[in-house]
Amino acid sequence: MRAVLQERFGPPDLLRLGEIDRPRPGPGEVLVRVHCAAVNPYDWHMMRGDPYAARLLGGMGLRRPKHRVAGIDAAGVVDAVGAGVDALRPGTPVLGFCRGAFAEYACAPVEWLVPKPERLSFAEAAAVPMGAVTALRGIRTVGRVRAGHRVLVNGAGGGVGTFAVQIAAGLDAEVTGVCGAGSVDLVRALGARHVLDHAHEDFTQGTTRYDVILDNVGNYSPVRLRRVLAPSGTLVANGGGSPGRVFGAIGSMLKVAAVAAVAAAGRRRMRPIVPATPDGPVHEDLLAVTALIEAGRLAPVVGRTRTLTDTAEAVRHVEEGHSRGKTVLTVR
């Protein structure tokens with residue numbers, strides 16, 4: 001099968017399209033014939049082995065990539081199942097987390113996958129897993145957004161932000177989206193009542209106080225964000241950082257934890273999101289977001305599509321922060 005391969009850590013140019021053996025599903029696993037795969041910031045972190053501190057945790061490898069085939073978000077059709085798998089059958093369209101998603105076939109534990117909503121194309125379905133689950137956790141699980149809450153989403157035009165705006169608006173919150181000029185109309189159409197162009201407005205200098213801030217960018221310090229939190233508000237940290245950093249997103253979350261410790265005597269809360277990766281339980285969250293999609297309350301935004309041949313360019317585009325919605329690779 002064709003697959004996007006990486007032999008060592010480094011920039012997107014190291015990715016190459018090659019031929020390898022098709023994987024076989026083991027007990028409890030599903031073999032997916034991949035139709036589309038989405039590109040996430042997670043992918044360039046894994047590609048570069050960045051942040052360096054994460055290499056010590058064992059998930060990405062120490063000196064070279066632990067997983068030779070890139071990619072994690074996929075949508076496709078079940079091709080075969082391993083022993084003990086009853087929940088999914090060959091021929092079932094699915095979406096979910098598949099390590100090695102930038103390939104024609106990928107294996108995944110059955111609990112990392114759910115049936116694809118009929119209303120979604122495969123490209124739209126591939127855009128769902130990491131972005132929608134992270135947004136759901138940030139808004140509903142960690143932020144505990146309720147009707148009437150003032151919610152600010154920093155990075156509202158990106159892969160997580162576009163889902164977060166919809167989820168918060170669906171809970172009858174008053175949503176403010178912060179994004180680039182090219183995404184203003186999109187973010188407003190997704191349900192944001194107020195939209196700020198980050199190049200011209202600094203919301204941390206404003207007078208509005210927010211019950212929940214979901215920070216997908218990490219371009220403001222937790223101290224500055226705390227200034228615009230309501231007295232009992234919650235700052236939800238989702239990553240940040242840039243290539244070449246020792247701690248990257250981990251450093252951003254450590255800063256949040258430090259400020260939270262200092263502010264512990266008050267009622268403000270500053271919390272990171274549990275990463276939306278298969279390293280933790282994801283099945284219930286995937287079912288929750290697909291239920292919202294089936295009900296017409298949530299829709300993925302696909303900003304750009306590319307082929308496997310263009311994977312390096314697609315990853316570079318996401319790494320540079322230019323992605324509007326999700327960038328998706330069409331595999332077949």
Would you name the heavy atoms of [X] and [Y] that are closest together and state the gap between them?
X	Y	value
Ala135	Val160	CB-O, 3.6 Å
Pro23	Cys107	CB-SG, 3.9 Å
Leu88	Val81	O-CG1, 3.6 Å

Does the side-chain contact (heavy atoms from CB on, under 4.5 Å) test come out yes or no for Leu5 and Arg16, once each step is laid out? CA-CA 5 Å; Leu5 307 175; Arg16 66 178 182 86; 3.6 Å; yes
Applying a strict under-4.5 Å side-chain criterion to I, L, V, M, F, W and Y, I'd like to know whether [X] and [Y] cluster together.
X	Y	result
Leu31	Val78	no
Phe122	Ile293	no
Val133	Trp112	yes
Ile20	Leu15	no

Is the shortest side-chain heavy-atom distance between [X] and [Y] below 4.5 Å?
X	Y	answer
Thr176	Val153	no
Val282	Phe97	yes
Ile72	Pro129	no
Val30	Val32	yes
Val114	Leu95	yes
His198	Phe203	no
Leu329	Val39	yes
Val236	Asn238	no

Step by step, work out the side-chain contact (heavy atoms from CB on, under 4.5 Å) result for Asp13 and Arg316. CA-CA 9 Å; Asp13 294 340; Arg316 186 182 299 106; 2.4 Å; yes
Check this for me, if you would: do [X] and [Y] make a salt bridge, where the nitrogen-to-carboxylate-oxygen distance has to be below 4.0 angstrom?
X	Y	result
Asp211	Arg146	no
Arg68	Glu7	yes
Arg224	Asp202	yes
Glu124	Lys326	no
Arg119	Glu294	no

When rounded to the nearest 0.5 angstrom, what is the spacing between CZ in Arg324 and SG in Cys179? 9.0 Å
Measure the spacing between OG1 of Thr234 and CZ of Arg144 and express it to the nearest 0.5 Å.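 It is 8.0 Å, given to the nearest 0.5 Å.
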Looking at Tyr210, does the NZ or CZ of Arg150 lie under 6.0 angstrom from its six-membered ring centre and within 45 degrees of the ring axis? no
I'd like to know whether Leu120 forms a side-chain contact (heavy atoms from CB on, under 4.5 Å) with Val128, so could you lay out the CA-CA distance, the side-chain angles of the two residues, the decisive distance to 0.1 Å, and finally the verdict. CA-CA 10 Å; Leu120 296 186; Val128 170; 4.0 Å; yes
Show your reasoning for whether side-chain contact (heavy atoms from CB on, under 4.5 Å) applies to Val94 and Val77. CA-CA 6 Å; Val94 292; Val77 175; over 6 Å; no
Just wondering, are more than 12 heavy atoms of other shown residues or ligands nearer than 6.0 Å to CD in Gln205? yes
For atom CZ of Arg140, decide whether the heavy atoms of other residues, nucleotides or ligands shown that lie under 6.0 angstrom number more than 12.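 No, because the 6.0 Å sphere around CZ of Arg140 holds 12 heavy atoms or fewer from other groups.
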